[in-house]
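All values below were derived from every heavy atom in this structure, side-chain atoms included, with hydrogens, water molecules and symmetry-related copies excluded.
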Amino acid sequence: MSIESSGFCPHRTTYEDFRVTRGADLLSRYTWTDPADPMAAQVEWVPLVHAVALPGGPVERETYERIRDELTDRIREAGPLDGLVYDIHGAMSVVGLTDAEAGLTAAVREATGPDAMISAAMDLHGNVSYEFARHLDLLTAHRLAPHEDAWETRERAARKLVARLATGAGRPYRAWVQVPVLLPGEKTSTRLEPATSLYGSLADVEALDGVTDAAIWVGYAWADEPRCRAAVVVTGDDAELVSAQAGMLARGYWESRHEFTFVGPTGQADECVARAVASQARPFLISDSGDNPTAGGAGDLAYMLGRLLAHDDLATGRATALHPGITDPAAVAACFAAGTGAEVTLWVGGHVSAGTGPHAEPYELTGEVVSLQVLDGVRAAAVRRGGVTAVLTERRKPFHTLADFGELDPRGYDLVVVKIGYLEPELYAMAADWLLALTPGGVDQDLLRLGHTRIARPLYPFDDEGFTDPDLAPVLL
């Protein structure tokens with residue numbers, strides 16, 4: 001069950017938001033389950049169930065229990081199992097629960113029984129609490145952000161599980177330690193130091209005789225739970241070695257905490273718009289980072305649309321901008337009813353986020369419907385006012401690749417303002433220049449203005465004085 005959930009996002013994730021895969025479709029999700037794979041002679045893969053959703057607000061309790069119960073029922077029906085590949089994210093929040101993944105994993109462990117070996121593949125933006133980790137035998141995480149190694153991580157979890165089962169190596173030691181640092185992903189990209197070196201060192205640790213795997217999690221900054229913080233787990237058969245390596249990695253992360261910086265130049269919304277319009281670089285991309293749906297934002301804020309149209313060059317059409325991804329099903333329906341070429345007046349955005357602050361107010365948009373299309377099964381309508389084209393979607397949808405834009409080519413605009421944090425590879429390659437706008441929303445990059453109340457303190461950057469030497473001694477699981 002894979003999702004990351006912002007506790008500061010008013011959106012609620014329901015069963016309909018999950019893509020649920022079972023049976024042969026689940027086996028075909030992965031390349032290493034193919035009968036032609038070298039592992040096929042060693043293992044019989046038994047497909048259970050996998051549910052994944054676009055990041056968003058906390059999962060409704062009923063939805064969580066429905067998916068949990070299906071997974072655990074299928075485990076019992078399929079058993080006894082020698083092992084389980086546990087493909088999760090690590091930053092799921094559930095309404096009314098604390099540390100939902102620990103609860104899910106405890107239920108999975110009860111269903112498999114004590115003898116099965118569980119190997120978890122996770123996002124490095126997950127949270128790894130003691131109650132979660134103690135039920136697992138192998139844990140690994142992405143080593144790149146952006147996550148260009150996501151499928152490689154899942155394959156690593158599977159191959160290491162099969163290797164241990166095939167050789168009868170038994171359960172490894174897991175040296176687990178949390179680090180009292182909580183940073184947003186946009187400050188911990190492996191494109192920049194110190195994350196480049198920290199994550200780059202994991203392969204060397206893994207290569208040591210007696211070590212099976214090494215992983216660092218930066219944690220998930222937009223949930224408000226005690227488990228939210230960085231963590232290190234080193235797995236292997238040499239207890240002393242894995243403990244020493246976990247301690248070294250944790251100390252390195254802690255000592256580097258002040259060196260983490262945003263992955264790109266930043267600014268407030270109006271500053272970013274003004275700098276982008278004045279630049280000669282085209283297209284100039286701006287990240288509307290506070291409402292990024294792929295980090296857990298609601299995706300329905302029209303805040304940046306208002307800031308774009310407040311700039312005279314954009315309002316008059318002397319410069320052009322494309323701003324995709326404002327979720328508003330009612331506005332999309334009105335555009336489809338009106339048709340291409342029609343002039344419409346709409347109150348755009350703010351329906352899910354209503355009441356969360358002045359940034360969440362709907363924006364009155366009068367303009368021409370210039371495009372109606374269906375993108376990945378989602379109806380999208382583009383409305384142009386002055387030089388600004390806003391793409392409205394009936395459901396939350398990311399715009400990460402050129403294909404995501406459909407017939408609207410973002411390379412033909414002066415500015416492209418996307419609800420995203422750090423740019424995904426295709427956008428990064430397309431951008432002549434870019435800025436990370438520190439905008440409000442459910443995944444605000446300015447953590448101190450969100451209002452965390454349940455995180456365990458002290459915790460950097462919420463606290464920085466008075467705890468210069470935290471206890472970073474690993475615990476052997």
Item to complete: Carefully, step by step, assess Glu394 and Arg379 under the rule salt bridge (charged side-chain N to carboxylate O under 4.0 Å, His left out).
Response: CA-CA 6 Å; Glu394 64 182 349; Arg379 291 200 305 174; 3.3 Å; yes
Practice prompt. Would you mind listing every side chain to side chain donor-acceptor pair (under 3.5 Å) that reaches into residues 16-25, with sequence neighbours excluded?
Written response: Thr14-Glu16, Thr14-Asp17, Tyr15-Arg22, Arg22-Glu70
Discussion item. Can a donor-acceptor pair be found, under 3.5 Å and without considering hydrogens, that links the side chain of Thr112 to the backbone of Arg109?
Written reply: yes
Worksheet item: Side chains of Glu186 and Ser289: is there a donor and an acceptor less than 3.5 Å apart?
Response: no
Worksheet item: Are a donor atom and an acceptor atom from the side chains of Arg396 and Thr327 found within less than 3.5 Å of each other?
Response: no
Discussion item. For Arg411, is the CZ atom crowded, meaning more than 12 foreign heavy atoms sit under 6.0 Å from it?
Written reply: no
Worksheet item: Does a side chain donor of either Thr98 or Arg454 reach within less than 3.5 Å of an acceptor in the other side chain?
Response: yes
Discussion item. Atom CD of residue position Glu110 - does it have more than 12 heavy atoms of other residues, nucleotides or ligands inside 6.0 Å?
Written reply: no
Item to complete: Over all heavy atoms of both residues, which pair between Ala382 and Thr389 is shortest? Give the atoms and the distance, please.
Response: CB-CG2, 3.9 Å
Worksheet item: Has the side chain of Lys419 got a donor or acceptor atom that lies under 3.5 Å from a matching backbone atom of Leu301?
Response: yes
Practice prompt. Please check if any side-chain donor atom of Glu101 sits under 3.5 Å from a side-chain acceptor atom of Thr105, or the reverse.
Written response: no
Worksheet item: Distance from Cys228 atom SG to Gln178 atom CD, nearest 0.5 Å?
Response: 9.5 Å
Discussion item. If you count every heavy atom of other residues, nucleotides or ligands that lies below 6.0 Å from Tyr173 atom OH, does the total exceed 12?
Written reply: no
Fill in: Lys187 charged N/C atom sitting above Phe262 aromatic ring, 6.0 Å / 45°
yes
Item to complete: Would you check if there is a donor-acceptor pair between the side chains of Asp99 and Ser129 at a distance under 3.5 Å?
Response: yes
Worksheet entry | Criterion ring pair (Phe, Tyr, Trp, His ring centres under 6.0 Å) on Tyr199 and His142, from CA distance to verdict | CA-CA 9 Å; Tyr199 278 88; His142 307 336; over 10 Å; no
Worksheet item: CD of Glu255: more than 12 outside heavy atoms within 6.0 angstrom?
Response: yes
Worksheet item: Just how far is it from atom CG of Asp73 to atom CZ of Arg68, taken to the nearest 0.5 Å?
Response: 9.5 Å
Item to complete: May I ask you to establish whether Arg229 and Tyr460 are in a cation-pi arrangement, using a distance under 6.0 Å from NZ or CZ to the six-membered ring centre and at most 45° from the ring axis?
Response: no
Item to complete: May I ask you to check whether Thr212 and Glu206 show a side-chain donor-acceptor distance below 3.5 Å?
Response: no
Worksheet item: For Glu62, does the CD atom sit with more than 12 other heavy atoms under 6.0 Å from it, leaving out its own atoms?
Response: no
Worksheet, complete the sentence: Closest heavy-atom pair, Cys9 versus Gly297, reported as atoms and distance to 0.1 Å, is SG-C, 3.7 Å
Worksheet item: Within the side chain of Thr72, is there an N or O that forms a donor-acceptor pair under 3.5 Å with the backbone of Ala111?
Response: no
Discussion item. How long is the straight-line distance from CD1 of Ile88 back to CG of Leu136, given to the nearest 0.5 Å?
Written reply: 7.0 Å
Worksheet item: Counting only heavy atoms not in Arg12, do more than 12 sit closer than 6.0 Å to its CZ atom?
Response: yes
Item to complete: Let me see the working for His135 and Ile118 under side chain to side chain contact (heavy atoms under 4.5 Å, CB included), right down to the final yes or no.
Response: CA-CA 8 Å; His135 296 293; Ile118 304 176; 5.8 Å; no
Item to complete: Report the C-alpha distance between Phe284 and Leu435 in whole Å, list the side-chain angles of each, state the deciding distance to 0.1 Å, and finish with yes or no for side chain to side chain contact (heavy atoms under 4.5 Å, CB included).
Response: CA-CA 8 Å; Phe284 197 113; Leu435 287 167; 3.7 Å; yes
Discussion item. For Tyr422 and His125, take the angle between the two ring planes, folded into 0 to 90°, and tell me which bin it lands in: parallel under 30, tilted 30 to 60, perpendicular over 60.
Written reply: tilted
Worksheet, complete the sentence: Between the CG atom in Leu438 and the CZ atom in Arg449, the distance rounded to the nearest 0.5 Å is 6.5 Å
Practice prompt. With side chain to side chain contact (heavy atoms under 4.5 Å, CB included) as the test, would you mind laying out the steps for His359 and Asp444 before giving the verdict?
Written response: CA-CA 12 Å; His359 63 276; Asp444 195 328; over 6 Å; no
Fill in: Any donor-acceptor pair under 3.5 Å from Asp300 side chain to Ser353 backbone
yes
Discussion item. In this structure, is the centre-to-centre distance between the rings of Tyr130 and Trp176 below 6.0 Å?
Written reply: yes
Worksheet item: Looking only at side chains, do His89 and Asp123 share a donor and an acceptor under 3.5 Å apart?
Response: yes
Worksheet item: Could you walk me through whether Ile455 and Asp224 pass the side chain to side chain contact (heavy atoms under 4.5 Å, CB included) check?
Response: CA-CA 6 Å; Ile455 50 175; Asp224 189 11; 3.7 Å; yes
Item to complete: Mind checking the CG-CG spacing from Leu161 to Leu138? Nearest 0.5 Å is all I need.
Response: 6.5 Å
Worksheet item: Side-chain donor-acceptor pair under 3.5 Å between Asp87 and Tyr30, yes or no?
Response: yes
Check residues 244-253 and write down every donor-acceptor pair under 3.5 Å in which the side-chain atom is one partner and the other belongs to a residue at least two apart or another chain.
from   : atom 1 : to     : atom 2 : distance (Å)
Arg251 : NH2    : Asp469 : OD1    : 3.4

